[in-house]
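Structure first, then comments.
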Amino acid sequence: MKYWLLKTEPNTYSWQDLVNEPDKTTFWEGVRNYQARNLMRDEMQEGDLAFIYHSVVKPPAIHGIARIVRAAYPDHYAHDPGHKYFDPKDDPDNPRWVMVDVQAVQAVDPPVTLDEIKKTPELQNMVLVNNSRLSVQPVQPEEWRFILSMRGISL
DNA sequence: GCCAACGTTGGC
DNA sequence: GCCAACGTTGGC
């Protein structure tokens, strides 16, 4: 069992949007970065848990916890001309990009802000602190547990 | 809106 | 294969 952090811009897709989905489940499409792709494809497994993090907005923060309910499979939007996430270099016979399915598990309320994380000594090694641009990030078990403890969440 | 950090592209 | 130029991300 591994832990992750998935970034999203809530103006495009938010934690609340995920909660409002049928079965609280959606496909996490549109990852177009090789490092993030490799993590999803090679490391992420069904049953893993992930923080859903809102970027760009103020304040950037972790808003919820989701479960990976389907491991990586081809992101067909990559070979859908005209789609926002179309990649002209993608070969449908050898898909370059993948997506996973995620299901909302529980809100983190109030959200854990980036500011709060940066002020917490135990969380200084988080990828979020050191490479906030990465859109799919591994979270260490002790970091995961520490953040849950900040909101009294037990899973 | 700025800009630092990071990623990608393409000429050589 | 190197690296300069360019593009994107995302916090501030």
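Note on naming: letters A, B, ... go to the chains in the order of the sequence lines (proteins, then strands), and numbering restarts at 1 for each one.
- Here OG1 of Thr26(A) is found 11.0 Å from CD of Gln103(A). Values are rounded to the nearest 0.5 Å.
- Rounded to whole Å, atom P of dG7(C) lies 19 Å from atom CG of Asn33(A).
- Interatomic distance, OG1 of Thr113(A) versus NE2 of His63(A), reported as 9.0 Å (0.5 Å rounding).
- Atom CG of Leu128(A) and atom C1' of dC6(B) are 15 Å apart (whole Å).
- The CZ atom of Arg32(A) sits 17 Å away from the C1' atom of dG7(C) (whole-angstrom rounding).
- The interatomic distance linking Leu134(A) (CG) with dT8(C) (P) rounds to 18 Å, in whole Å.
- As rounded to whole Å, 13 Å separates atom C1' of dG11(C) from atom CG of Asn131(A).
- In this entry the distance linking CD1 of Ile117(A) with C1' of dG11(C) reads 13 Å, nearest Å.
- Heavy-atom nearest nucleotides on DNA chain B were determined for Gln35(A) and for Lys58(A), and the one closer to the 5' end corresponds to Lys58(A).
- Put simply, NE2 on His54(A) is 17 Å from P on dC12(C), counting in whole angstrom units.
- Comparing dT8(B), dG7(B), dG11(C) against the side chain of Tyr34(A) picks out dT8(B) as the nearest.
- Backbone-only contact: Leu114(A) has heavy atoms under 4.0 Å from sugar-phosphate atoms and none from a base.
- Aromatic pair Tyr73(A)/Trp97(A): ring centres not closer than 6.0 Å.
- For Arg133(A), counting side-chain heavy atoms from C-beta on, the closest listed nucleotide (dG11(C), dT8(C), dT8(B)) is dT8(C).
- Panel note: side chain Arg67(A), backbone Val105(A); no donor-acceptor pair is recorded below 3.5 Å.
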